[in-house]
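Residue numbers begin at 1 in each chain, while the letters A, B, ... track the order of the sequences. Basis for what follows: all heavy atoms, side chains included, without hydrogens, waters or symmetry-related copies.
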There are 2 protein chains.
Amino acid sequence: MATNFDNYFKSAFTVDNVIFGFDEGDLKVLLIKRGEEPHIGEWALPGYFVKTDEDLDAAAKRVLSELTGLTNVYLEQVHTFGSVNRHAFGRVITISYFSLIKIDNYTIQPSSIALQAQWHTVNGLQHLAFDHDAILGSCLQRLKWLVKTRPVGFELLPPKFTLTELQHLYEAILRCPLDKRNFRKKILSMNLLVDCDETQEGVAHRPAKLYKFDRKRYNKLVDQGFNFELKETPTKKKNTVELSS
Amino acid sequence: MATNFDNYFKSAFTVDNVIFGFDEGDLKVLLIKRGEEPHIGEWALPGYFVKTDEDLDAAAKRVLSELTGLTNVYLEQVHTFGSVNRHAFGRVITISYFSLIKIDNYTIQPSSIALQAQWHTVNGLQHLAFDHDAILGSCLQRLKWLVKTRPVGFELLPPKFTLTELQHLYEAILRCPLDKRNFRKKILSMNLLVDCDETQEGVAHRPAKLYKFDRKRYNKLVDQGFNFELKETPTKKKNTVELSS
DNA sequence: GGTAATTAGTGTAAAAAATGCACTAAGGGG
DNA sequence: CCCCTTAGTGCATTTTTTACACTAATTACC
């Protein structure tokens, strides 16, 4: 199909994918070291050009699966960045996505993109190539909002997990401590977890119960428009507002 | 600047702007009647191609000001739509924005875009050109979320307004009735409104007090991370969840 | 085998927020 | 002057949130 837009400015398009994982109590993001100019040697978000006949979501999925081999992953478009000078070699507009993966499932795929892929702890990350700091920032903000609004945390955990692991995940994303009893009460009251009738093994303390996420029930509640909001409880801090002045 | 991306697919890209207004108790959106193929004669969102040296937000602002003459308007990027076949004449990726304007300020600008611009009540709108139904839908959803989260409603009202007008605005956006006493309590407790010491004129009933939005105080509270959440109160409906099965 | 160390798991009371509800007040129109 | 219309106001009940400390189960170590 020859386009009729020959007189209009056209731009190259990429997708950049903020791939989140959770390991050792920390929120991680998968970055690749750039092997070419510009920004050679700097860490960057995995991304690639969108193809002629490819939908945007499909491009994001492709980037993810080329890198990790995973499909069927939580993926969401976040924001589009298109400043005139964001790429030194010409105008490139990028559509940012984030995805949530279970880090255990991740095995590096031999591919051109993935030559230098590595997980990085999100907190305290160095400067990234291009405007990827801003992209990561906006995805983090979205994830923070999402986790308070929908029970997506499960996407980042192995199929069976303990409530403490889940709490640590929430704490890592929200970056605030939560009260154990209140957290459990709230999570369990949603009835989204199924007790596996199993316990942790190989730990040097009382083993915790393992739970699974009940996706069917979740989908049902979503259909009913149920509100999953989870309010944070930054222990020992009042959230009062100055009404004076 | 000659780009280095000659080997990559490039696409034309546009911004589409969902311009919301509020009048006669209804949420409105400004649409234009297409004067050319494809979709000639259908109603569409105002939008235009982004220029070579133009940032995305700037393009959205340009579309808005060419059409309405307004600048300094609430504007937010929402989502990018880029299905391969969304435009019959070639691939066009569009970045959608929405803006909130005070409908009184709107005077149609003589411009090529605006030949056939008209306000339409959002509720019960007919089919729009291209995928503009989906674009409008996502902007509506975002507005709904925003109005519950931030006091942006004021952007749609004249500088001085009554609490009843404000309530009707919220009801129009959220599409549910609110309790008058609870709504007023909640809104006033945020201390964002200033009593103008004036009342309505020319109404055939008890005149209402006029209020102004206190933007300074709002900015202050935003800095403090204050939570403006306003929960809806769909009168006489319990929000209980089935815990069985 | 006993004890120390470590994390799991549990309930209640107080405070804050949300909800439901109905009458009086003020002005214009006839 | 009465009627109509919308403005404006408070309280009691229910629900949600918050703060908080001890016992239980297991391994490691001596």
Side-chain angles (χ1 to χ4, degrees), chain A residues 24-25 148-149 157 160-171 174 176-191 193 195-211 226-243, chain B residues 24-25 148-149 157 160-171 174 176-191 193 195-211 226-243:
Chain A
E24 296 166 11
K148 283 202 272 189
T149 312
L157 291 176
K160 297 179 181 180
F161 51 85
T162 70
L163 291 181
T164 301
E165 285 165 356
L166 187 63
Q167 184 179 338
H168 288 339
L169 169 60
Y170 274 76
E171 289 174 333
L174 297 174
C176 72
L178 300 174
D179 179 89
K180 182 160 72 160
R181 284 189 280 202
N182 295 338
F183 178 79
R184 286 162 180 247
K185 204 186 310 173
K186 190 98 187 204
I187 289 287
L188 291 174
S189 76
M190 290 180 183
N191 277 70
L193 296 187
D195 188 337
C196 299
D197 275 317
E198 288 176 63
T199 53
Q200 269 181 317
E201 285 178 18
V203 287
H205 55 77
R206 172 173 178 177
K209 276 191 192 171
L210 293 173
Y211 289 87
F226 180 65
N227 181 4
F228 293 97
E229 192 155 0
L230 182 97
K231 295 218 174 139
E232 73 243 67
T233 314
T235 13
K236 290 254 193 184
K237 250 189 223 167
K238 282 282 179 180
N239 211 6
T240 43
V241 184
E242 263 206 10
L243 291 181
Chain B
E24 296 167 9
K148 283 201 272 191
T149 311
L157 291 176
K160 298 179 181 182
F161 51 85
T162 70
L163 292 179
T164 300
E165 283 165 357
L166 187 62
Q167 181 178 342
H168 288 339
L169 168 61
Y170 273 76
E171 289 175 333
L174 298 174
C176 71
L178 301 173
D179 180 88
K180 182 161 69 161
R181 285 190 279 199
N182 296 336
F183 177 79
R184 290 155 105 97
K185 203 187 309 174
K186 189 99 190 204
I187 289 286
L188 290 174
S189 75
M190 291 180 182
N191 276 70
L193 296 187
D195 188 336
C196 299
D197 276 316
E198 288 176 63
T199 54
Q200 274 181 313
E201 285 178 19
V203 287
H205 53 80
R206 173 173 176 177
K209 275 191 192 172
L210 293 173
Y211 289 87
F226 179 67
N227 182 2
F228 294 98
E229 191 156 3
L230 183 97
K231 295 217 175 137
E232 72 242 69
T233 314
T235 14
K236 289 252 196 186
K237 248 188 225 167
K238 282 280 178 181
N239 209 7
T240 42
V241 185
E242 260 205 14
L243 292 181

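- At whole-Å resolution of the value, CG in N227(B) and C1' in dA17(C) are 13 Å apart.
- Rounding to whole angstrom units, CG of residue L230(A) and P of dT17(D) are separated by 9 Å.
- Whole-Å rounding puts the R184(A) CZ to dA24(D) P distance at 16 Å.
- Residue side chain K209(B) does not reach the base of dG8(D) through any donor-acceptor N/O pair under 3.5 Å, judged by distance alone.
- In this structure, Q200(A) contributes its side chain and A208(A) its backbone to a donor-acceptor pair below 3.5 Å.
- No side-chain heavy atom of E229(A) sits under 4.5 Å from any side-chain heavy atom of T149(A).
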Enumerate all atom pairs, one protein N or O and one N or O from nucleotides 11-13 of chain C, separated by less than 3.5 Å.
unit_1: dG11(C); atom_1: O6; unit_2: R181(A); atom_2: NE; d: 3.4
unit_1: dT12(C); atom_1: O4; unit_2: K185(A); atom_2: NZ; d: 3.1

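- Take T164(B) and apply the side-chain contact (heavy atoms from CB on, under 4.5 Å) test, not counting sequence neighbours, and it matches T162(B), H168(B), R184(B).
- Atom CD in E201(A) sits roughly 12 Å away from atom C1' in dT26(D) (whole-Å rounding).
- Every residue meeting the side-chain contact (heavy atoms from CB on, under 4.5 Å) condition with E198(B), not counting sequence neighbours, appears here in chain and number order: K160(B), C196(B), L210(B).
- Within the nucleic acid shown, T164(B) comes within 4.0 Å of sugar-phosphate atoms alone, with no base atom in reach, counting heavy atoms only.
- With rounding to whole Å, Q167(B) atom CD is found 13 Å from dT6(D) atom P.
- At least one side-chain heavy atom of Y170(A) sits under 4.5 Å from a side-chain heavy atom of I187(A).
- The CG-C1' distance, from L178(B) to dC21(C), rounds to 16 Å in whole Å.
- Annotation: side-chain contact (heavy atoms from CB on, under 4.5 Å) contacts of D195(A) (sequence neighbours excluded): D197(A), K209(A), Y211(A).
- Among the protein residues, K186(B) comes within range of the sugar-phosphate backbone only, with heavy atoms under 4.0 Å from sugar or phosphate atoms but none that close to a base.
- Contact detail for F226(B) and M190(B): the closest heavy-atom pair is CE2-CG, 4.4 Å.
- Rounded to an integer number of Å, the gap from CD of E165(A) to C1' of dA8(C) is 12 Å.
- For K180(B), the salt bridge (Lys or Arg N to Asp or Glu O under 4.0 Å) test picks out no residue, with sequence neighbours left out.
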Show me the protein contacts with nucleotides 27-30 of chain C, counting only N or O atoms at under 3.5 Å.
unit_1: dG27(C); atom_1: N2; unit_2: A204(B); atom_2: O; d: 3.4

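- Distance, Y211(B) OH to dG8(D) C1': 9 Å, rounded to whole Å.
- Nearest heavy atom pair, residue L163(A) against residue F183(A), reads O-CE2, 4.0 Å.
- Candidate nucleotides dA18(C), dG9(C), dA7(D) were compared by shortest atom distance to the side chain of A208(A), and dG9(C) ranks first.
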